[in-house]
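These notes concern the structure reproduced below.
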Amino acid sequence: MTLRTRFAPSPTGFLHVGGARTALFCYLEARHSGGTFVLRIEDTDRERSTEASVQAILDGMQWLGLDWDEGPIYQTQRFDRYAEVIEEMLADGRAYHCYCSRERLDKLREDAMAAGLKPRYDGHCRDLKEAPEGIAPVVRFRNPDEGEVSFDDRVRGTISISNAELDDLVIARPDGTPTYNFTVVVDDMDMNISDVIRGDDHINNTPRQINIYRALGAEPPRFAHVPMILGDDGARLSKRHGAVGVMQYRDDGYLPEALLNYLVRLGWSHGDQEVFSLAEMVELFRIDDVNRKASAFNTSKLDWLNEHYMKSLPPERVAQELAWHFKDQGINAAEGPALEDLVAVQADRVSTLKQMAEQSRVFYQPLEQFDADAAKKHLRPVAQAPLQALAERLDGLEDWQPEALDGAIRSLAEEMELGMGKIAQPLRVALTGTAVSPSIDKTLWLVGKEQSLQRIGMALAFIAERIAENPA
RNA sequence: GCUCCCUUCGUCUAGCGGUCAGGACGCCGCCCUCUCAAGGCGGAAACACGAGUUCGAUUCUCGUAGGGAGCGCCA
């Protein structure tokens, strides 16, 4: 039998990093063995499910490149099937109608807690002779009273719980809509899911789900419960940790390659290897090797991976993602150097694509003015002669490439018996308005000949004005 | 309260009875250098605690402490 996994989010928000990692694990486990990866949308809670959330989840999956083979399958479109199964169970007593009021249930729970017991439904309606009038009943699954449920979790090992701890859970509401613990079982059974990989907040649900499988005469799948992801501070991930939605990472300037790599290493490892391409993940990842403990999300390590991928991925690939940020920041990429060239220069100077776009404005838009501090420090009278000489030399330079530009500046520095810094810094301020930029030859190259000469002219004018105001 | 689960540097992790407890991020120092980075080299930094088992425990067992999850007509 071929391996089949599924990712089954409920559309009540965006795709967060925990969900993304679960999806990645499901995807890898399926791809590793040539199996099938199914996407299912668990939208039975009509109050909280939204169309926008469905789209947000799909967008996140697509951006990460986690393509699925079947689906998306919507549970709301399978209500007939659930109703059919419930009828069958009702018919032979595997399930029964319960007319208990909320009040009675609440009291039951309070009393149990007060007595130091685990709250459980007491089976009051299990064998009712006749149905009370005028009450729309819920349907409860008749859980076994005896024995225990045990399963071998692929990450947690053997987990057992006594049936005495479990109670008869509600599988359908008064209006007939089914509930989660029931629909997952029917779906995973119908879709022949062989491996259920999900968050460990479901561990406690698993035994009761196994009981439903058995009641339905189906063999339960294998389970793998992956630990949750914590925020940087070790506390549960929440809004206040900033970027928790996958698409927020796109907006913040991360490459999907980096996020995927970061996520796969959270709770899983392969010796000392830190960098994994998707292909390597598919080859090496095994859900059985995943750790049991929750791990904290560490943004600085994600940054490091992002830097790594910006430097090592083909510039054309990085440029694709960078183009989105140019658009986002209102920079017209057609007004300056090719994005691949920009990436080649800027990749090892920033942590994110967002920063790369921000710090590259100067290569695509006119230079309005010099930064006051930088100009004060570097555009001084002493810089006049070197900049003047440089302007002339560059004007005559045909080959506007880094190597030739570097040669031109170095030879000039030598001739004028000046250190590189004496020329490069004033030039840098002239070209970019600031004291920080890529190496000077690359900066000239990206700014382009025409703009470079114009900006040096601006700087010379600035210095001239300064001299005029402050004659020695 | 009850049930289930977790515990190696600050963080992510390697380890599968005998290791100077390894790697990575971050941090610190040095080198390189036209700025800022990147890069190179080096450094500080961990087995939660207590009992067992054993010639020997980070590793196996049991407790303790701490943490998490669940106990819904939410998924």
Side-chain angles (χ1 to χ4, degrees), chain A residues 8-12 42-45 47-49 75 98 100 102 105-106 109 112-121 136-140 153 156-157 159-162 164-167 169-175 177-181 183-184 198-207 225 227-228 230 232-234 236 262 265-275 291-305 307 311 346-351 359 374 378 406 409-410 413 419-429 432 434-441 443:
Chain A
S10 56
T12 54
E42 311 221 318
D43 54 354
T44 51
D45 181 357
E47 297 285 298
R48 299 198 302 151
S49 301
Q75 289 191 320
C98 169
C100 292
R102 300 256 194 181
L105 263 18
D106 288 344
R109 181 157 40 239
M113 295 279 266
L117 296 172
K118 182 173 177 170
R120 292 174 72 246
Y121 176 63
V138 298
V139 177
R140 285 186 187 272
D153 192 281
R156 306 310 258 262
I159 296 175
S160 313
I161 187 167
S162 166
E165 296 294 333
L166 274 20
D167 65 357
L169 76 163
V170 172
I171 58 176
R173 306 179 179 95
D175 67 358
T177 57
T179 61
Y180 168 75
N181 278 300
T183 57
V184 244
R198 70 212 327 185
D200 67 3
D201 46 332
H202 289 289
I203 285 187
N204 292 287
N205 289 327
T206 306
H225 288 96
M228 61 187 288
L230 274 17
D232 294 66
D233 54 4
R236 188 171 186 161
Y262 179 73
R265 278 286 288 103
L266 219 46
W268 176 80
S269 63
H270 183 258
D272 287 340
Q273 190 170 346
E274 294 289 348
V275 175
N291 277 171
R292 296 139 113 94
K293 83 166 187 203
S295 35
F297 195 94
N298 184 203
T299 306
S300 63
K301 185 150 186 181
L302 204 214
D303 285 344
W304 175 74
L305 279 165
E307 289 160 18
K311 287 184 286 193
Q346 298 274 242
D348 57 11
R349 310 176 50 74
V350 293
S351 291
Q359 295 180 25
H378 298 291
D406 183 63
I409 298 173
R410 281 187 193 282
M420 273 295 277
K422 291 279 190 285
I423 296 185
Q425 277 310 84
L427 179 55
R428 176 166 281 116
V429 177
T432 67
T434 72
V436 176
S437 86
S439 65
I440 203 64
D441 53 332
T443 300

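These figures come from a predicted structure and were not determined experimentally. Chain A is the first sequence line, chain B the second, and so forth, proteins listed ahead of strands; every chain is numbered from 1.
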Could you tell me which residues satisfy side chain to side chain donor-acceptor pair (under 3.5 Å) with [X], sequence neighbours excluded, listed by chain and number?
X       : answer
T206(A) : R198(A), H225(A)
D167(A) : R208(A)
R156(A) : D200(A)
S351(A) : E307(A)

Can you list the residues that meet the salt bridge (charged side-chain N to carboxylate O under 4.0 Å, His left out) rule with [X], with sequence neighbours excluded?
X       : result
D106(A) : R109(A)
D153(A) : none
D303(A) : none
R349(A) : none

Where do N or O atoms of nucleotides 46-48 of chain B meet protein N or O atoms at under 3.5 Å, pair by pair?
none

Output one line per pair: protein atom, nucleotide atom from nucleotides 4-7 of chain B, and distance, for all N/O pairs under 3.5 Å.
unit_1: C5(B); atom_1: O2'; unit_2: R156(A); atom_2: NH2; d: 2.4
unit_1: C6(B); atom_1: OP1; unit_2: R292(A); atom_2: NE; d: 3.0
unit_1: C6(B); atom_1: OP1; unit_2: R292(A); atom_2: NH2; d: 3.3

Restricting both atoms to N or O, compile the protein contacts to nucleotides 22-24 of chain B shorter than 3.5 Å, with distance only.
unit_1: G22(B); atom_1: N2; unit_2: D272(A); atom_2: OD1; d: 3.3
unit_1: G23(B); atom_1: N2; unit_2: R265(A); atom_2: NH2; d: 3.4
unit_1: G23(B); atom_1: N2; unit_2: E274(A); atom_2: OE2; d: 3.0
unit_1: A24(B); atom_1: O4'; unit_2: E274(A); atom_2: OE2; d: 3.3

Query raised in the report: With Y180(A), which residues qualify under ring pair (Phe, Tyr, Trp, His ring centres under 6.0 Å), at least two apart?
Result: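 Ring pair (Phe, Tyr, Trp, His ring centres under 6.0 Å) list for Y180(A), sorted by chain: H202(A).
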Query raised in the report: OP1 or OP2 of A75(B) less than 4.0 angstrom from a side-chain nitrogen or oxygen of T179(A), does that happen here?
Result: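 Indeed not, no polar side-chain atom of T179(A) lies that close.
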